[in-house]
Amino acid sequence: MLNSRDDITAVVHDTLNEILKDAEFDPVSFTGAERITDIGFTSLLLARLIIQLEAALGADPFEERYVVSDIRTVDELIDAYRQTLQASAVG
Amino acid sequence: MPEEVLVVVGDRFPQFAANRGTVTASQLLERLRSGEVHGPLRLAVGQGLLPQQLAEIEKFAASGDGTAVCHGGVPVPAEHRVVRPGHPPTALIGRVERAAADRFTAPLLLDERVDLLQDRLSSQHVSAITLLEAARQTWVTVTEQFLLSDEERATCVISEVTGVRAAYHHYVFPLPATVEFRLTAHGKVPAQRFGFTVSFHQNQRLTTEIAAEIGVLPEAVAKKQEALAARQALHDALAPLRAAQPATAADTHPGGIPA
């Protein structure tokens with residue numbers, strides 16, 4: 001299972017760009033400060049992102065711990081996955 | 001004996017069936033069963049008949065003795081599996097056929113058990129809401145039977161309907177009528193979208209047009225999108241309660257001692 005912040009960051013960035021490419025948006029070189037809605041993510045693309053990240057990382061932070069409005073930026077999304085994975089490893 | 005020409009309508013349209021030249025399904029079948037009809041009877045099948053009534057009329061028409069002849073044939077209901085899974089009595093359209101690459105047609109075929117017909121028991125015409133539901137059944141049927149691939153049919157759902165516009169030009173009466181689906185737009189990114197117009201025609205006249213767009217998504221994505229929205233809505237609804245000051249004992253138990 002991927003747990004380091006770098007691993008999670010890489011997976012999240014790749015998955016974000018994969019979905020943006022499918023939706024015919026330009027790829028993004030992420031700094032982490034990008035607002036998810038500003039780079040083109042609608043509720044539909046967000047649903048796809050969460051499904052794909054659950055398959056890649058084995059967790060869905062939005063099932064229990066977070067709601068969509070808790071997450072604004074790419075870094076906040078990465079933190080949500082990191083904390084959810086840490087909590088599930090401890091629990 | 002002179003030829004008799006009638007339109008048969010469902011028993012749920014007594015007001016319309018009071019017009020000369022009409023007969024209710026029950027009255028017609030009673031006449032046919034009793035052998036009371038001796039001369040040629042030319043029939044058109046209108047709206048509101050039960051499937052059993054349609055089948056029995058077809059049997060009399062197919063007997064070949066010339067007693068009853070159905071103009072245009074007896075329509076066949078659409079497959080319930082598609083239009084209302086789990087709700088077999090309420091199909092409002094007949095079998096859908098492709099007329100061109102972007103055009104599909106079906107007979108309007110109201111069943112008397114349709115709940116929506118209850119709205120207009122005192123009227124002669126078919127209600128607007130019934131036509132809207134018939135249009136919905138048409139776009140579901142066309143999408144599932146003709147517009148999606150086999151794989152999409154197995155894994156996708158119609159996840160949203162947007163931009164519904166309706167124009168009611170003329171009354172639709174419980175007479176034979178056709179429904180036409182015309183595809184006007186198709187997009188694939190970020191999800192499949194179909195734009196279309198469903199129109200109703202009676203006596204070669206356009207009576208009603210309903211246009212809309214639908215989005216088709218993999219079921220898993222549609223469910224996830226819905227689950228995210230549901231959790232967010234619940235969170236937003238609870239937020240004011242969480243932010244409120246805790247109730248005092250006096251608020252909770254005015255004039256009394258808390259348990």
Side-chain angles (χ1 to χ4, degrees), chain A residues 11-28 34-74 76-81 83-85 87-88, chain B residues 136 139-140 143-144 147-164 183-196 212-244:
Chain A
V11 171
V12 170
H13 287 181
D14 287 351
T15 310
L16 282 165
N17 267 331
E18 195 179 314
I19 289 171
L20 287 173
K21 184 182 169 198
D22 285 348
E24 299 182 351
F25 286 105
D26 291 332
V28 176
E34 297 82 7
R35 290 175 72 91
I36 290 170
T37 50
D38 289 350
I39 58 175
F41 270 76
T42 59
S43 63
L44 164 62
L45 296 187
L46 190 62
R48 283 190 175 159
L49 175 72
I50 292 165
I51 288 171
Q52 286 184 224
L53 287 176
E54 186 174 8
L57 297 171
D60 176 2
F62 299 93
E63 214 158 78
E64 293 284 339
R65 295 172 66 92
Y66 295 88
V67 292
V68 171
S69 62
D70 293 333
I71 306 297
R72 288 175 299 272
T73 67
V74 171
E76 286 174 354
L77 181 67
I78 292 164
D79 282 341
Y81 276 91
Q83 288 183 17
T84 303
L85 286 163
S88 64
Chain B
R136 189 196 69 82
W139 77 60
V140 169
T143 303
E144 294 189 355
L147 303 182
L148 299 181
S149 67
D150 288 346
E151 187 189 342
E152 289 168 336
R153 198 173 301 124
T155 59
C156 291
V157 293
I158 294 175
S159 64
E160 62 176 14
V161 181
T162 55
V164 178
L183 186 66
T184 56
H186 180 205
K188 291 190 170 180
V189 176
Q192 285 226 75
R193 295 198 69 77
F194 298 100
F196 51 80
E213 279 189 15
I214 55 172
V216 176
L217 287 179
E219 191 171 9
V221 176
K223 281 188 171 173
K224 181 63 79 178
Q225 191 179 12
E226 184 188 34
L228 290 169
R231 284 208 65 229
Q232 183 70 54
L234 181 59
H235 173 272
D236 294 347
L238 293 177
L241 305 183
R242 290 195 178 110

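Residue numbers start from 1 in every chain, and the chains themselves are labelled A, B, ... in the order their sequence lines are given, proteins ahead of strands.
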Side chain, backbone, both or neither: which part of B:Leu234 has a heavy atom under 4.5 Å from chain A?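 Neither part, no heavy atoms under 4.5 Å.
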So for B:Val189, is it side chain, backbone, both, or neither that comes closer than 4.5 Å to the heavy atoms of chain A?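 Contact with chain A: side chain only.
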Return the minimal non-hydrogen interatomic distance between [X] and [Y], and the atom names on each side.
X: A:Leu49; Y: A:Ile19; value: CA-CD1, 3.2 Å
X: A:Ile51; Y: B:Val221; value: CD1-CA, 3.6 Å
X: A:Leu46; Y: A:Phe41; value: N-CD2, 3.8 Å
X: A:Ile71; Y: A:Ala80; value: CD1-CB, 3.8 Å
X: A:Leu44; Y: B:Pro190; value: CD2-CG, 4.0 Å
X: A:Leu20; Y: A:Ile39; value: CD2-O, 3.3 Å

Short donor-acceptor contacts under 3.5 Å linking chain A with chain B:
residue: A:Ser43; atom: OG; partner: B:Gln225; partner atom: NE2; Å: 2.8
residue: A:Arg48; atom: NH1; partner: B:Pro190; partner atom: O; Å: 2.8
residue: A:Arg48; atom: NH2; partner: B:Pro190; partner atom: O; Å: 3.2
residue: A:Asp60; atom: OD2; partner: B:Lys224; partner atom: NZ; Å: 2.6
residue: A:Phe62; atom: O; partner: B:Arg231; partner atom: NH1; Å: 2.7
residue: A:Glu64; atom: O; partner: B:Arg231; partner atom: NH2; Å: 3.1
residue: A:Tyr66; atom: O; partner: B:Arg231; partner atom: NH1; Å: 2.5
residue: A:Val68; atom: N; partner: B:Gln232; partner atom: OE1; Å: 3.1
residue: A:Ser69; atom: N; partner: B:Gln232; partner atom: OE1; Å: 2.8
residue: A:Ser69; atom: OG; partner: B:Gln232; partner atom: OE1; Å: 3.3
residue: A:Ser69; atom: OG; partner: B:Gln232; partner atom: NE2; Å: 2.8

CG of B:Leu147 to CD1 of B:Ile158: how many Å apart, nearest 0.5 Å?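 One finds 9.0 Å between CG of B:Leu147 and CD1 of B:Ile158.
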Identify which part of A:Leu45 has an atom lying under 4.5 Å from any heavy atom of chain B, answering side chain, backbone, both or neither.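 The side chain, not the backbone.
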